[in-house]
Protein chains: 2
Amino acid sequence: MTPSNVEQVLNTWQDSLHQHGYRMTRPRRQVMEIIAASETALTPQEIYQKSLELERSLGIASVYRTLEMLEELGLIQQIHQPGGCHGIWPTLEGHKHHLICRDCGQMQVIEGNVDIDGYITAIEKQTGYRVDDHWLQFFGRCDGCLN
Amino acid sequence: MTPSNVEQVLNTWQDSLHQHGYRMTRPRRQVMEIIAASETALTPQEIYQKSLELERSLGIASVYRTLEMLEELGLIQQIHQPGGCHGIWPTLEGHKHHLICRDCGQMQVIEGNVDIDGYITAIEKQTGYRVDDHWLQFFGRCDGCLN
DNA sequence: TCCTTATTGATAATAATTATCATTATCAGT
DNA sequence: ACTGATAATGATAATTATTATCAATAAGGA
Ligand SMILES: [Mn+2]
Ligand SMILES: [Mn+2]
Ligand SMILES: [Zn+2]
Ligand SMILES: [Zn+2]
């Protein structure tokens with residue numbers, strides 16, 4: 001994300017916090033800035049480590065508490081990867097998927113394809129389950145890491 | 001899986017162990033039996049807990065070591081779930097996906113649909129990534145938990 | 001059956017997450 | 001702008017999960 005894009009996301013998130021009765025504090029802003037500015041999905045520990053380079057670092061407990069809040073508000077979600085789970089990424093609007101580079105971790109957001117809806121209907125008929133969500137993630141190597 | 005089906009899987013796995021120079025021991029057999037007989041994806045801790053009810057329980061270190069070996073042999077894989085990750089499930093042959101009940105955790109194996117291949121080709125052209133794997137998981141409620 | 005050595009299990013060490021509580025800082029109300 | 005109620009922080013303790021260590025054990029080829 002570009003710096004101005006990060007600011008825009010931060011403002012949206014701040015509105016959501018206030019609408020739900022949460023205060024906007026410096027630690028929370030720092031966590032949100034780190035997440036929104038990152039090119040890769042970060043773990044709680046990675047977010048904490050990045051904060052150590054700031055003028056005023058975070059408490060590890062505040063990192064976990066902020067992530068819990070952001071997830072409850074639906075502003076972030078967990079990205080699951082082979083051999084390194086629980087990365088954090090802003091929630092996607094609409095029907096999108098994740099493409100992740102195995103080498104550098106860089107992520108791309110992919111438009112969802114409509115065919116999956118028909119697939120889901122078939123699955124529900126076949127199994128008797130009611131499907132309310134799905135995850136689709138692609139793994140591979142990015143252009144930079146291939147060359 | 002039915003008991004006889006479990007036995008069949010266990011024999012296949014035992015062959016794989018011996019072919020790779022691993023010994024078939026009682027702890028390893030117990031871990032494999034627990035995994036193969038389970039209706040839900042289990043965590044390492046859950047596998048250990050189940051073993052406590054057996055005549056001769058497992059050491060927690062042996063659980064982790066056995067899982068590491070089985071994963072290296074490609075016999076099991078990690079199942080990632082919202083709010084409870086790193087469940088263990090036997091590796092699927094061919095192109096299949098997972099359907100997981102949010103309430104009871106029961107899993108169903110779903111045939112993969114061919115449309116995803118075309119989707120992947122489009123993604124590669126669009127992003128410059130080379131895609132070598134994908135995960136597709138469906139979440140919902142099973143027939144039993146709906147009623 | 002014997003022997004080599006891979007494997008186990010008890011436990012120590014490390015890492016990650018959650019709980020506790022005195023202190024601090026946000027922000028609604030004036 | 002100031003004040004006060006209290007939400008939130010951060011240091012740290014407690015808990016939980018995972019990995020490392022090593023003497024004792026057992027698998028399986030000879
Ligand atoms: Mn996961
Ligand atoms: Mn989709
Ligand atoms: Zn890359
Ligand atoms: Zn169910």
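Residue numbers begin at 1 in each chain, while the letters A, B, ... track the order of the sequences.
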Please check the phosphate of C:dT7 (OP1 and OP2 only) for any side-chain N or O of B:Arg28 closer than 4.0 Å.
yes

Whole angstrom value for the distance that separates C1' of C:dT7 from NE2 of B:His20:
18 Å

Using distance only, find each side-chain donor-acceptor pair of residues 51-63 of chain B under 3.5 Å and give its atom names and separation, not counting sequence neighbours.
unit_1  : atom_1 : unit_2  : atom_2 : d
B:Ser51 : OG     : B:Tyr48 : O      : 2.8
B:Ser51 : OG     : B:Leu58 : N      : 3.1
B:Ser62 : OG     : B:Arg65 : NH2    : 3.3

Starting the side chain at C-beta, find the nucleotide from D:dA20, D:dT6, D:dG10 nearest to B:Ala61.
D:dA20

Ring-ring centroid check B:Trp135 A:Phe138, cutoff 6.0 Å:
no

From D:dT18, D:dA27, C:dT8, nucleotide with atom closest to B:Ser62 side chain:
C:dT8

Is there a path of hydrophobic side-chain contacts, each under 4.5 Å between heavy atoms of I, L, V, M, F, W or Y residues, that connects A:Val131 with B:Ile100?
no

B:Ile60 or B:Met24, whichever maps to the more 5' nucleotide of DNA chain D
B:Ile60

What is the bend of the helix from C:dT1-D:dA30 to C:dT30-D:dA1 when you compare the axis at one end with the axis at the other, using five pairs each and rounding to 10°?
50°

For B:Arg65 and C:dT11, what is the distance between atoms CZ and P respectively, to the nearest whole Å?
14 Å

Assign each of A:Tyr22 and B:Thr25 the nucleotide of DNA chain C bearing its closest heavy atom; nearer the 5' end lies the nucleotide of B:Thr25

Rounded to the Å, how far apart are A:Asp15 CG and C:dC27 C1'?
16 Å

Please determine, by modelled atom types, if B:His80 and A:His86 share a side-chain donor-acceptor pair under 3.5 angstrom.
no

Name all pairs fulfilling the side-chain hydrogen bond (donor to acceptor under 3.5 Å, both in side chains) condition that reach into residues 115-129 of chain A, sequence neighbours left out, sorted by first residue then second.
A:Tyr119-B:His97

What's the closest nucleotide to the A:Pro27 side chain, out of D:dT18, D:dT9, C:dT4?
D:dT9

